[in-house]
Amino acid sequence: MTPLIRICDVKEYIGETVQVRGWLQRRTGKGKINFLRVRDGSGSFQAVAFRPTLGDDLFAQVKSLTTESSLLLTGVIKADERAPGIPGGYEMDVCDIEIVQIAEPYPITPKEHGIEFLLDNRHLWLRSNRQWAIARVRTTVIRAIRDWLDDRGFMNVDTPILTPAAGEGTTTLFEIDYHGVPAFLAQTGQLYNEANIFAFGKVYCFGPTFRAEKSKTRRHLQEFWMVEPEIAFCKLEELLQIEEQFVSYVVQTTLQKCAAELQLLERDTGLLQNVKPPFPRISYDEAVEKIHAAVQAGVTVPPNDEALADIVWGEDFGAPHETYLASQFDRPLFVTHYPTVCKAFYMEPEPGRPEVCRSADLLAPEGYGEIIGGSERMSDPDMLLAAIEKQKLPQEAYHWYIELRRYGSVPHSGFGLGLERTVSWLTGISHLREAIAFPRTLGRLTP
RNA sequence: UCCACCGUAGCUCAAUUGGCAGAGCAACCGGCUGUUAACCGGUUGGUUCCUGGUUCGAGUCCAGGCGGUGGAGCCA
């Protein structure tokens, strides 16, 4: 019986007759010989169809194959430096071929395509090498995230997607009809995580979150995935140590397991090699000073090389500010102690400085922006109630959340890491819509 | 919500001052034993986003609309 193999394992079968099932990516021919670039999901290789070997009938069938035709190939594996593929350098001398389907003319060609066309054809675009590599990095990142948390006693407790009230009260939510009652798609699982830590100590949720913001930038999706760890008995300083260990593990694991994918994506991994603890930490105050100095010096910021705008203390950073700050360091940068006014209501104020809170954002290098937002949470019930009243949030909706602080309240902290932003950074892609199989962007719900 | 740009063959684009609707690729037919986006010869392929206007004549100019892309704000 001829063994069925996956193309990623091809090097283990040199000299053997094997079978491969897959799709034809590209066919080139030269008289009596045809080169079939075939992929099977695990990788791609070149199958060589030679007329004297196959006979006239089979060879005629090979010549009828169109791009994306599905087929079963039987042949002998051999090493050949000229053979392209993932991994390259191996090819099959085809001795038999069974056509499953001749594909209709395939819309995506090796030529360039515009982004509108590619997004309209996302269901087909996913088959391309580049999208394959990005998706492989994504699944590796997800696995690394779960491994690191699971191995350190974090319990995975998922939080509801259908929720009755705003998580943070600021950003726009998708409203749905919950049997006649208004409900919202979750923009965070954090508040529920805070309930869960009192039962389980260290938890995380990992799922899709939804933001109905009218954001049309390369850093925004309407639906994106976020992992949110939350830790009891944890203050800000300890949180930052957890974050830098966590992010470093994810980055180094991806570098190790996805070397071929990153090479295919032409990612310069030099900067990623640096991503090891400790990460630099600066306060919001220091960040504002750096920005003032940069504005004085006339600094411009990629990608458009526009002059950096000045900032007034108390304002949140714009994307160019984050890009500038992160560019001053060789690894991800913590910016801590943001003004209370530009952060969510539940963050613990800094003792003696109530105008700033015990928050920390992690800014990725190379302009990829904020990949983590985290903070120490307010642990005093009365202080929390006052914060909710001050922001004029509906008190009743937060009744249970406040109550958590009445039964054995402890200092606790947590953060949320945006999956697509992390994958974008690691793969070096310019727009995070390619970091998810079916992106939901403003004005695009299909396919 | 605001600002900018774009819409011509299946795809990527061109079309001079407003004057015959074009090319490359894809598809189809033929040729070639080492192709890497092969190459060579041939064939096919159009609601120029929509509606209205100006004009002898509109892909081109004007008005309105629709769709898309990029960015700002906000955020991960």
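Given the structure is predicted, the values throughout are model-derived calculations rather than measurements. Lettering of chains follows the sequences in order, A, B, ..., and the numbering in each one begins at 1. Computed over heavy atoms, backbone and side chain alike; hydrogens, waters and symmetry mates excluded.
- Pair assignment for B:G67 gives B:C6, based on Watson-Crick or G-U wobble hydrogen-bonding distances that are each under 3.5 Å.
- OP1 or OP2 of B:A38 lies within a sub-4.0 Å distance of a side-chain N or O belonging to A:Arg26.
- Annotation: of the two residues near RNA chain B, A:Arg421 and A:Thr441, the 5′-most nearest-nucleotide partner is A:Thr441.
- With salt bridges taken as basic N to acidic carboxylate O contacts below 4.0 Å, one links A:Glu237 and A:Arg358.
- The distance from atom NZ of A:Lys30 to atom P of B:A38 is 13 Å, rounded to the nearest whole Å.
- The residues A:Arg39 and A:Glu68 are annotated as salt-bridged, a charged nitrogen and a carboxylate oxygen being separated by less than 4.0 angstrom.
- B:G68 atom P lies 17 Å from atom CZ of A:Arg122, rounded to whole Å.
- In this structure, A:Arg444 does not reach the B:G67 phosphate: none of its side-chain N or O atoms is under 4.0 Å from OP1 or OP2.
- If you check every strand for non-hydrogen atoms under 4.0 Å, A:Asn34 touches nothing.
- B:G46 is unpaired under the Watson-Crick or G-U wobble criterion, no partner having all donor-acceptor distances under 3.5 Å.
- Distance A:Gln222 CD to B:C74 C1': 12 Å, rounded to the nearest Å.
- Nucleic acid contact class of A:Phe224 (heavy atoms, under 4.0 Å, all strands): base.
- In this structure, B:A38 makes no Watson-Crick or G-U wobble pair, since no nucleotide meets both defining distances under 3.5 angstrom.
- Distances were taken from every side-chain heavy atom of A:Phe35 (C-beta onward) to each of B:C75, B:G34, B:U12; the shortest belongs to B:G34.
- Across all strands, A:Pro107 comes closer than 4.0 Å to no nucleic acid atom at all (heavy-atom distances).
- Between the base of B:C11 and the side chain of A:His113 there is no donor-acceptor pair shorter than 3.5 Å.
- Taking the six-membered ring for Trp and the full ring otherwise, A:Tyr398 and A:Phe345 have centroids separated by under 6.0 Å.
- B:U36 and B:C20 have their P atoms separated by 39 Å, with the value rounded to a whole Å.
- The shortest distance between the side-chain N/O atoms of A:His431 and the OP1/OP2 oxygens of B:U69 is not below 4.0 Å.
- Checked against a 6.0 Å centroid threshold, the rings of A:Tyr338 and A:Phe317 count as neighbours.
- Of the P atoms belonging to B:G42 and B:A23, the separation is 12 Å, rounded to the nearest Å.
- Using a 4.0 Å cut-off, some side-chain N or O of A:Arg433 falls inside it from OP1 or OP2 of B:G70.
- Exactly one residue among A:Lys276, A:Arg331, A:Arg281 makes a side chain to side chain donor-acceptor pair (under 3.5 Å) with A:Glu244. That residue is A:Arg281.
- In a base pair of the Watson-Crick type (N1 to N3 plus N6-O4 or O6-N4) or a G-U wobble (N1-O2 and O6-N3), with each distance short of 3.5 Å, B:C61 is matched with B:G53.
- Nucleic acid contact class of A:Gly369 (heavy atoms, under 4.0 Å, all strands): none.
- Comparing B:C11 with B:U48, their C1' atoms are spaced 16 Å from each other, to the whole Å.
- Side-chain N or O atoms of A:Arg27 include one that pairs as donor or acceptor with a backbone N or O of A:Leu65 at under 3.5 Å.
- The base of B:C32 has none of its N or O atoms less than 3.5 Å from a complementary donor or acceptor on the side chain of A:Arg51.
- Contact annotation: A:Lys32 side-chain N/O to B:U33 OP1/OP2 distance is under 4.0 Å.
- In this structure B:G24 sits in a base pair with B:C11, meeting the Watson-Crick or G-U test at under 3.5 Å.
- Residue A:Phe50 places its side chain closer to B:U33 than to any other of B:U36, B:C11, B:U33.
- Comparing B:C5 with B:U44, their P atoms are spaced 40 Å from each other, to the whole Å.
- If you take CD1 of A:Ile33 and C1' of B:U33, they are 5 Å apart, rounded to a whole angstrom.
- Rounded to an integer number of Å, the gap from A:Leu119 CG to B:C6 P is 20 Å.
- Remark: C1' of B:C75 and CZ of A:Arg218 are 16 Å apart, rounded to the nearest angstrom.
- When rounded to the nearest whole Å, the span between CG of A:Leu442 and P of B:C2 equals 13 Å.
- At a cut-off of 3.5 angstrom, counting only N and O atoms as typed in the model, there is a donor on one side and an acceptor on the other between the side-chain of A:Ser215 and the base of B:G73.
- Nucleic acid contact for A:Leu221: base, since at least one base atom lies under 4.0 Å from a heavy atom of the residue.
- A donor and an acceptor atom sit less than 3.5 Å apart, one in the side chain of A:Gln46 and one in the base of B:U35.
- Mapping A:Thr67 and A:Met226 onto RNA chain B by nearest heavy atom places A:Thr67 at the nucleotide closer to the 5' end.
- Applying the Watson-Crick and G-U wobble criteria (two distances, each under 3.5 Å), B:A76 pairs with nothing in any strand.
- A:Ile115 places its CD1 atom 7 Å from the P atom of B:G70, with the value rounded to the nearest Å.
- Salt-bridge formation is detected for the pair A:Glu366/A:Arg267: a Lys NZ or Arg NE/NH1/NH2 atom is positioned less than 4.0 Å from an Asp or Glu carboxylate oxygen.
- Contact annotation for A:Arg219: base contact, defined as any heavy-atom pair under 4.0 Å involving a base atom.
- Between the side chain of A:Glu91 and the base of B:G34, a donor-acceptor pair under 3.5 Å is found.
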